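Remember, predicted model here, so these are calculated numbers, not experimental data. Along the sequence shown, the residues carry numbers beginning at 1.
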Amino acid sequence: QKASENESSYNIESVNQALKEIFHGKCYICENKAVTSYQIEHLVPHRGDKTLKYDWKNLFWSCAHCNNIKSDKYEPILDCTEEPVEKMIAFRKRGYFGTDEKLEFTSVGEEREDVKNTIALLEAAYYGTTPQKKIEAQIIRKTLRQNLSNFKEYVREYQETEDKEEKEDIGYLLKKELRDSAAFAAFKRLAVRTNQGIFTYAAIPLTGIPFRFSLWNPYTSGAERNV
């Protein structure tokens, strides 16, 4: 509010730190946590509108790659702090490293403009829109691939171990990878929901996995947006 009244910058340390904490230190679009450059992003492009520019609820934590791709080209998109994004979009990784590998973002249920725009933004973020962005997107996909590979390894170890204590430890790691704070949680959560037979005996509360994008939500995480 003070920044708005003085027309000063909202891009200050306290705001950046607050957004980093609220969004679990990951980009709200690509869910990557292994990022070296973050920016404050406006969910709704302000285009000079003072209210939108300084509205706390319109400030989101984004990596530079996704922020530059989104710009003001995708509007409206789903607000992951208010909408159950994972209940509207399925996040899938098919195939393996190489030509057969593909990320899919498909609408679940009702066809809405904001859902279509969000899918288009996700595809642009994960695959790039310019020669430079395509290189950056390759790095994001490589990070995603490694992250999912580690997750699958936890699943394999959980299935194979017969040691009760070790199984409990691995079960804890699996649950940790499904939390809001985990990188690429939307992909992992869908994998769990579509392969529930694998997780039947795992210490994972399948019914408790949130059906939303794995970011801050005012009703479930306890975080406050009142900096």
Side-chain angles (χ1 to χ4, degrees), residues 19-20 23-41 43 60-71 73-74 77-78 80 83 85-108 114-157 173-174 176-195 198-199 209-216:
L19 289 174
K20 179 181 178 182
F23 288 95
H24 307 297
K26 63 180 178 179
C27 173
Y28 86 99
I29 296 173
C30 70
E31 280 201 289
N32 190 10
K33 297 187 78 169
V35 176
T36 59
S37 179
Y38 283 102
Q39 296 177 353
I40 296 177
E41 207 275 313
L43 181 73
F60 282 60
W61 189 245
S62 170
C63 69
H65 168 80
C66 289
N67 188 23
N68 291 338
I69 284 179
K70 176 180 175 288
S71 185
K73 302 181 184 72
Y74 302 87
I77 63 171
L78 292 170
C80 60
E83 301 250 40
V85 178
E86 288 179 33
K87 207 169 184 179
M88 301 178 183
I89 299 175
F91 294 69
R92 289 187 177 90
K93 177 185 173 297
R94 297 191 185 279
Y96 300 94
F97 177 72
T99 56
D100 294 333
E101 184 181 56
K102 184 179 181 181
L103 303 183
E104 293 182 352
F105 309 95
T106 55
S107 176
V108 178
D114 53 357
V115 172
K116 291 180 181 178
N117 290 339
T118 302
I119 289 174
L121 174 58
L122 288 168
E123 290 173 344
Y126 278 101
Y127 283 96
T129 53
T130 67
Q132 183 185 46
K133 292 302 175 187
K134 288 178 181 178
I135 293 174
E136 294 173 359
Q138 285 180 339
I139 297 172
I140 295 175
R141 294 199 307 275
K142 180 179 179 181
T143 305
L144 167 63
R145 186 187 308 119
Q146 184 61 54
N147 206 278
L148 293 182
S149 177
N150 292 340
F151 180 69
K152 291 177 182 178
E153 181 63 18
Y154 290 150
V155 174
R156 185 192 64 77
E157 291 177 358
L173 291 175
L174 285 170
K176 188 177 180 181
E177 289 297 312
L178 296 170
R179 290 176 181 172
D180 291 354
S181 56
F184 309 112
F187 288 93
K188 299 169 188 172
R189 288 171 174 173
L190 183 67
V192 171
R193 297 192 193 102
T194 55
N195 297 277
I198 295 176
F199 297 90
I209 299 173
F211 279 89
R212 58 185 173 82
F213 205 37
S214 53
L215 298 179
W216 173 87

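By the 4.5 Å heavy-atom criterion applied to side chains, L122 and L103 are not counted as neighbours. At least one side-chain heavy atom of E157 sits less than 4.5 Å from a side-chain heavy atom of E153. Using a 4.5 Å cut-off on side-chain heavy atoms (C-beta onward), Q138 and Y127 make no contact.
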K70 and I77: CA distance, side-chain angles, deciding distance, side-chain contact (heavy atoms from CB on, under 4.5 Å) verdict: CA-CA 10 Å; K70 176 180 175 288; I77 63 171; 3.5 Å; yes
Stepwise side-chain contact (heavy atoms from CB on, under 4.5 Å) test for M88 and V108: CA-CA 5 Å; M88 301 178 183; V108 178; 5.7 Å; no
Verdict with reasoning, T143 to F184, per side-chain contact (heavy atoms from CB on, under 4.5 Å): CA-CA 9 Å; T143 305; F184 309 112; 3.9 Å; yes
side-chain contact (heavy atoms from CB on, under 4.5 Å) between R193 and R189, worked out: CA-CA 6 Å; R193 297 192 193 102; R189 288 171 174 173; 3.8 Å; yes
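The existence of a salt bridge linking E101 and R94 is excluded, since no basic side-chain nitrogen approaches an acidic carboxylate oxygen closer than 4.0 Å. By the 4.0 Å N-to-carboxylate-O rule, D180 lies too far from K26 to be salt-bridged with it. Here K93 does not pair with E104 in a salt bridge; the nearest charged N to carboxylate O distance is not below 4.0 Å.
Heavy-atom minimum distance, A90 versus L190: CB-CD2, 4.0 Å. The two residues Y126 and C30 make their nearest non-hydrogen contact at OH-O, 2.5 Å. For I119 against T106, the heavy-atom pair with the smallest separation is CD1-C, 4.0 Å. Of all the heavy atoms in N147 and A183, the pair that sits closest is OD1-O, 3.7 Å.
In this structure, the separation between OH on Y74 and OG1 on T118 is 11.0 Å, given to the nearest 0.5 Å. Summarising the geometry, atom CG belonging to L78 is positioned 9.0 Å from atom CG belonging to N117; distances are rounded to the nearest 0.5 Å. Note: K188 NZ to F91 CZ = 13.5 Å, rounded to the nearest 0.5 Å. In this structure, CZ in F23 is found 9.5 Å from CD in E41, a value given to the nearest 0.5 Å. Distance check: E83 CD to I89 CD1 gives 10.0 Å after rounding to the nearest 0.5 Å. In this structure, Y154 OH and E177 CD are separated by 5.5 Å, a value rounded to the nearest 0.5 Å.
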Indicate every side-chain donor-acceptor pair of residues 62-69 with a distance under 3.5 Å to a residue at least two apart or in another chain.
unit_1	atom_1	unit_2	atom_2	d
S62	OG	N67	N	3.3
H65	ND1	E136	OE1	2.7
H65	NE2	A125	O	2.7
N67	ND2	Q39	OE1	2.4
N68	ND2	A64	O	3.1

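Without hydrogens or angle criteria, R92 side chain to F105 main chain gives no donor-acceptor distance under 3.5 Å. Looking at S149, its side chain never comes within 3.5 Å of a backbone N or O of R145 through a donor-acceptor pair.
The aromatic ring centres of F187 and F151 sit 6.0 Å or more apart.
In this structure Y38 satisfies the ring pair (Phe, Tyr, Trp, His ring centres under 6.0 Å) test together with W61, sequence neighbours excluded.
Within a 6.0 Å sphere centred on NZ of K142, heavy atoms belonging to other residues, nucleotides or ligands number 12 at most.
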